Amino acid sequence: MLQLYKLEFAKVQWSVIFLLIALDTVINSGLGAMYMESFKEIFSPSWYQLYNQSQSFHTLFFYPLYAGIFASLICYYEHKNNVWKQLLSLPISKSHLYLAKFGMLMTLMALVQIAFFFAYIITGWIIQPPGRIAWGQLTSYAFLGWLSIFPLCALQLWISQKVKGFGKSLVLNISLVLPNLIVTGMVYYIAAWFPFSLPFFAMSPKAGVAHPFDPISFWFIVAFTTLLYLVLGWRIFIRREWG
Amino acid sequence: MSFIVQTKNLTRRFGDKTSVNRVDLEVPLGSIYGFLGPNGAGKTTTLKMLLGLLRPTAGEIKIFGKMMPEERRAILRHTGSLVESPSYYGHLSGYKNLKIFSDLLGLSSKSVLEILDLVRLSKHADRPVKEYSLGMKQRLGIAMALIHKPKLLILDEPTNGLDPAGIQEIRNLIKELPTLYDSTVLISSHLLSEVEQIATHVGIIHHGQLIFQDQMDILQQHRSPVMYVELEHPEEAYQTLLGKGWRVDIENRSLSIPVTSSKERARLFQDLQPFSILSVQEKKKSLEEIFIKWTGMGNSL
């Protein structure tokens with residue numbers, strides 16, 4: 001299993017991963033700094049305000065989109081020259097292979113998250129907003145944001161092992177991420193069933209402002225849907241035929 | 001006799017089409033088993049079931065005496081395969097591709113270098129595989145199949161897309177395998193000429209059914225050659241041969257006579273000597289002709 005996880009590291013095209021991570025960090029830090037500047041009459045600039053302005057595009061768009069892109073990327077190499085067939089002719093466990101892929105996806109999503117928060121701190125360090133960094137709060141946003149992406153990653157891996165074309169899954173991903181603006185406006189216990197919306201509820205200070213928010217039932221939905229999608233995707237994977 | 005691969009009533013249906021129909025495959029230990037059949041006869045489907053990539057609709061598969069798919073991993077540990085076109089990570093080098101597979105099999109880096117040497121890819125080991133020629137990709141595929149010195153090697157049309165030199169090379173390699181690694185080889189092909197040069201045993205599949213399975217020698221007997229003899233005086237020769245009890249046909253200036261042994265051939269030449277032989281050609285039945293004979297179907301291919 002560890003060997004299979006290492007294999008994922010060996011074959012993924014890191015240049016693509018780093019480019020996408022760089023895009024996420026540069027765009028969102030830049031937007032954050034810009035918005036804070038434009039809205040300074042309404043919201044007085046602070047470390048908190050910088051986070052608030054940086055996170056919205058990341059949580060609503062980039063982070064859920066990347067879950068889909070990375071999921072199709074880590075299945076792309078197997079689809080391309082039908083390496084599935086060769087891999088599954090080896091004495092490896094299908095379940096381990098599936099879990100290794102899920103582990104790889106979660107690792108990449110952790111990297112995105114770390115890079116995003118790192119970029120936020122660097123941006124703040126450059127523009128020096130008043131106030132202090134709320135380290136505890138930030139760490140919890142980063143970690144909970146990562147946890148909240150689990151159901152989406154489980155769902156995306158399920159889809160990616162089926163959908164062969166990279167372009168096809170990209171279109172699918174973008175069209176599913178776009179309604180996020182509307183979905184996240186709904187009350188959490190409805191929105192949380194739509195896995196694209198979860199990072200917003202876990203990472204945005206704006207979540208729970210318009211509607212009441214109950215963390216326990218929210219995280220219950222996250223845990224439940226993670227297991228549901230993971231088990232369904234895994235069952236389909238191990239029963240699949242490689243014709 | 002012990003069989004490395006043994007199937008009973010192996011059947012696979014896709015929708016209402018039966019691709020593999022009650023096949024009892026028996027591959028003896030240490031043999032090179034040629035699995036023959038025209039395209040679409042069910043060869044690849046059968047091989048994929050042996051590897052656990054497809055599930056049988058009915059019947060059972062035993063490899064090394066173990067059941068597939070129940071003991072899939074134990075079987076695959078000692079099985080190497082190249083089915084359909086070779087699979088590879090195109091953006092990685094040949095070396096890295098093999099390293100990935102050797103790591104998953106728990107082998108040393110030395111085994112990668114050895115196998116690269118065996119398939120003569122050492123010089124190109126550091127180039128990305130997507131730049132390889134078809135023949136090189138095919139050799140890489142064979143390297144992947146051989147890297148763990150498998151007891152059973154399953155090759156599906158391994159010379160597809162290779163040039164004559166490449167075909168010869170692969171053929172020699174396959175011939176060596178039983179002595180080199182103690183392997184049993186199961187190799188599929190749609191060309192009888194291809195298989196007869198290397199195989200010790202043959203199975204012929206047609207429309208999903210195994211219509212012949214035995215030693216190569218036995219198949220050879222079914223392929224009694226026909227002599228085509230061109231003569232100065234074909235008419236006279238024709239009459240004489242008929243008189244001596246030969247089964248002979250005449251066409252233009254040449255006679256065709258089936259012979260079953262070299263003794264018979266010698267006798268034929270003796271009988272023809274007075275009629276000035278201009279040329280002699282010996283032709284064997286092709287796979288297609290054998291099919292037509294055995295299945296009674298002219299246009300089935």
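As the structure is a computational prediction, the values presented were derived from the model and not from experiment.
- Between Y5(A) and F9(A), the distance separating the two ring centers is shorter than 6.0 angstrom.
- Put simply, of N82(A), L87(A), L90(A), L4(A), the one with the most heavy-atom pairs under 4.5 Å next to chain B is L90(A).
- Among residue pairs with one or both ends in residues 7-16 of chain A, those qualifying as side-chain hydrogen bond (donor to acceptor under 3.5 Å, both in side chains) are E8(A)-K11(A), E8(A)-K101(A), K11(A)-E78(A), Q13(A)-Y77(A); sequence neighbours excluded.
- The ring of Y51(A) has its center closer than 6.0 angstrom to the ring center of Y141(A).
- For a residue to count as touching a neighbouring chain, one of its non-hydrogen atoms must lie under 4.5 Å from one of that chain's; by this rule L54(B) touches chain A with backbone and side chain alike.
- Taking the centre of each ring, W84(A) and F237(A) come in below the 6.0 Å mark.
- With a 4.5 Å cut-off on non-hydrogen atoms, L92(B) touches chain A through its side chain but not through its backbone.
- Ranking K96(B), R72(B), K48(B) against chain A, the residue ahead of the rest is R72(B), based on heavy-atom pairs under 4.5 Å.
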